[in-house]
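The next block holds one structure in the form of structure tokens; read it before the comments.
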Amino acid sequence: MDYPTLLVTLLAILCALTCISASDMLLNASKLHMFVDELPQIPRILAYDLAQGVPKSKALTIGMFKKKWKFHRDLPATTVYAYGLNRKKATVPGPTIEALYGVGTHVTWRNHLPPKHILPWDPTIPTALTVATKGIPTVVHLHGGIHEPESDGNANSWFVSGFKKKGPTWTKKTYHYSNNQHPGNLWYHDHAMGLTRVNLLAGLIGAYIIRHPSIESPLGLPHGNEFDLPLVVFDRSFRTDGSIYMNSTGNNPTIHPQWQPEYFGDAIIVNGKAWPRLRVRRRKYRFRIINASNARFFRFFFTNGLRFTHVASDSAYIEKPITANETLLGPSEITDIIVDFSKSKSKVAILANDAPYPYPTGDPVNEANSKVMKFIILPEKEVDTSRVPHSLLRYPDASLSHATRTRYIAMYEYTSDIDEPTHLYLNGKPYDAPATETPTEGSTEVWYVINLTDDNHPLHIHLGLFKVLDQTKLVDLDKFKDCMTKLNDAIKCHVEKYARGKKVGVPAHEKGWKNVYKMMPGFVTKIVVRFSYIHTNASYGFDATAQPGYVYHCHILDHEDNAMMRPLKIIA
Ligand SMILES: *[C@@H]1O[C@H](CO)[C@@H](O)[C@H](O)[C@H]1NC(C)=O
Ligand SMILES: *[C@@H]1O[C@H](CO)[C@@H](O)[C@H](O)[C@H]1NC(C)=O
Ligand SMILES: *[C@@H]1O[C@H](CO)[C@@H](O)[C@H](O)[C@H]1NC(C)=O
Ligand SMILES: *[C@@H]1O[C@H](CO)[C@@H](O)[C@H](O)[C@H]1NC(C)=O
Ligand SMILES: *[C@@H]1O[C@H](CO)[C@@H](O)[C@H](O)[C@H]1NC(C)=O
Ligand SMILES: CC(=O)N[C@H]1CO[C@H](CO)[C@@H](O)[C@@H]1O
Ligand SMILES: [Cu+2]
């Protein structure tokens, strides 16, 4: 054997021992049987005490634990991070917290995570995790909540196990949620700087519902633990040993060794099981569907023609129920629907998905990620006393005449020499740059969101709620983009001269108050944002101007982490 051949042979032997190719380890999700696990019952926690029938404020302690979780009958148990009252009770998603309108909740979020992260993270993006943090930084944000800034889970208010290290804007251990807002669907999830995508991927998510029985009961919608269910949906990839797979090689490895612009997995998980099944009665059910994916959009429909009736979107009811055949849900959006299984002609209904990924121009769905879950409909007819009323809850409209300020928010994506995204910014500014969006408490503003990237970005605003008025296509996009790249100023670049393409309306069921909306690429989206309660003119009842303030960001978690997020400072 000559020298070079020997070298190659030695290398080959060495590689056989150490180089396990990713495809050997990666589980082909199509090999897993669908619909073999029952939809798990997520534990519910009441966020109030009942003393002689009178609800009183309650203090809860919820921990974050590293544990094993079975996502599928035939998949070995997966190491996850889970929320729960204790390690044994911790689940993925975490317990559903049920709060009552007007009754505040105090939650002490405790981090019990050992130092080494179970997923690859990237030290080159702005991140809380360094060798010196000696633990996994976490911080909880209640998405859709209207509460004080100190309890908003600012990305820099992170803490590690035992509060041994804390981020620069950390202020308190126990968060206070005042629950003085309109009833609706919220969710809690991790928000730590540069780690949101991996901490959520590891399992740190859960539903939070605010109920207002005196105004919701008269609506007559399906209710009770059996007929009113949150469905927390996300996508994951696994290795054959059951561990969560996330590619640890970045798309620009010389710039960011790990970061990739979007995470997609082929297994669709609902309430902690891959493609579960649920036996349902021939009657109406209410499903509060939370899209907790990092980047996957879902377009849901039923294969047997069953339809959805929307009653709410994100955290607020809409005025009138809207019936549709399909529904598009962006990352972190919540849809709240009624499904009437008595209308089904078949015994089985598959909830399916046909959204390309990335949305809207990416790959078509495959066998695995095109299915979500299966409903097995019992044959017996049911007496169903629930109903879908003609009108739901009506809130004062977003009055443009009250708008005191117009802002332009431009979305930029930056690419490397090999034309791969390196990072994304809002208004061309990193997260650390001083706040430029400083609305007055109680005010209404108009925001024009200009998407100069190729992706659809779900924009999420903390504290404020907004209505989407319209989306207008930009013409002569390259010219406008050149100007924006040079000046970063929509007024000087005369955005009004370019925003004159076709207009795309807002789907009827998304015309209500929202906290996330899908910003179409190449369009200007006009939204009216309200920095007060939507159901009353009362002041917030807490100091919204306090430090560390709030944020607004893209809810594709991989974008938010790098660093499509900006501070939002409320002023008096
Ligand atoms: C996964 O398995 C399915 C079904 O067996 C097959 O059609 C598909 O090509 C496989 N995908 C990969 C990436 O191997
Ligand atoms: C991981 O990402 C890198 C960079 O985009 C890519 O070259 C590689 O094929 C990916 N690996 C797998 C297993 O998908
Ligand atoms: C829903 O689908 C049915 C049957 O395909 C069709 O007749 C109806 O027009 C569709 N409705 C909507 C709102 O798209
Ligand atoms: C789910 O949320 C992710 C990230 O927030 C988003 O990219 C995706 O499009 C959403 N999917 C659905 C079905 O809403
Ligand atoms: C709030 O104030 C506005 C203008 O001052 C008024 O038009 C509106 O009716 C008020 N809404 C409520 C719920 O009181
Ligand atoms: C779909 C679409 O119009 N995308 C555009 C979004 O904006 C970027 C930057 O201006 C364009 O390159 C895309 O073509
Ligand atoms: Cu984005």
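In each ligand, atom 1 is the first atom listed, and ligand 1 is the first ligand listed.
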Sub-4.0 Å heavy-atom contact, G250 with ligand 2: yes
Atoms of ligand 2, numbered as shown, that sit under 4.0 Å from any heavy atom of T249: 2 (O), 3 (C), 4 (C)
Minimum heavy-atom distance between N247 and P120, given as atom pair plus value: O-CG, 4.2 Å
Within-shell test, E420 vs ligand 2, heavy atom, strictly < 4.0 Å: no
Numbering as shown, the atoms of ligand 2 that approach Q260 to under 4.0 Å (heavy-atom distance): 1 (C), 2 (O), 3 (C), 4 (C), 5 (O)
Per-atom contact, atom 5 (O) of ligand 1, protein heavy atoms, under 4.0 angstrom: yes
Side chains of N252 and T422, donor plus acceptor under 3.5 Å: no
Residue of the set H189, H191, H141 for which ring pair (Phe, Tyr, Trp, His ring centres under 6.0 Å) holds with H555: H189
Polar proximity ligand 2 side, N251 side, N/O cut 3.5 Å exclusive: no
Heavy-atom pair with the smallest gap, counting every atom of P137 and N111: C-ND2, 4.4 Å
Six-ring centre of F301, R299 cation under 6.0 angstrom, axis tolerance 45°: no
Distance filter under 4.0 Å to K31 heavy atoms, resulting ligand 1 atoms: 2 (O), 4 (C), 5 (O)
Identity and separation of the nearest protein heavy atom to atom 13 (C) of ligand 1: N28 ND2, 4.6 Å
Between E510 and S313: side-chain donor-acceptor atoms closer than 3.5 Å: no
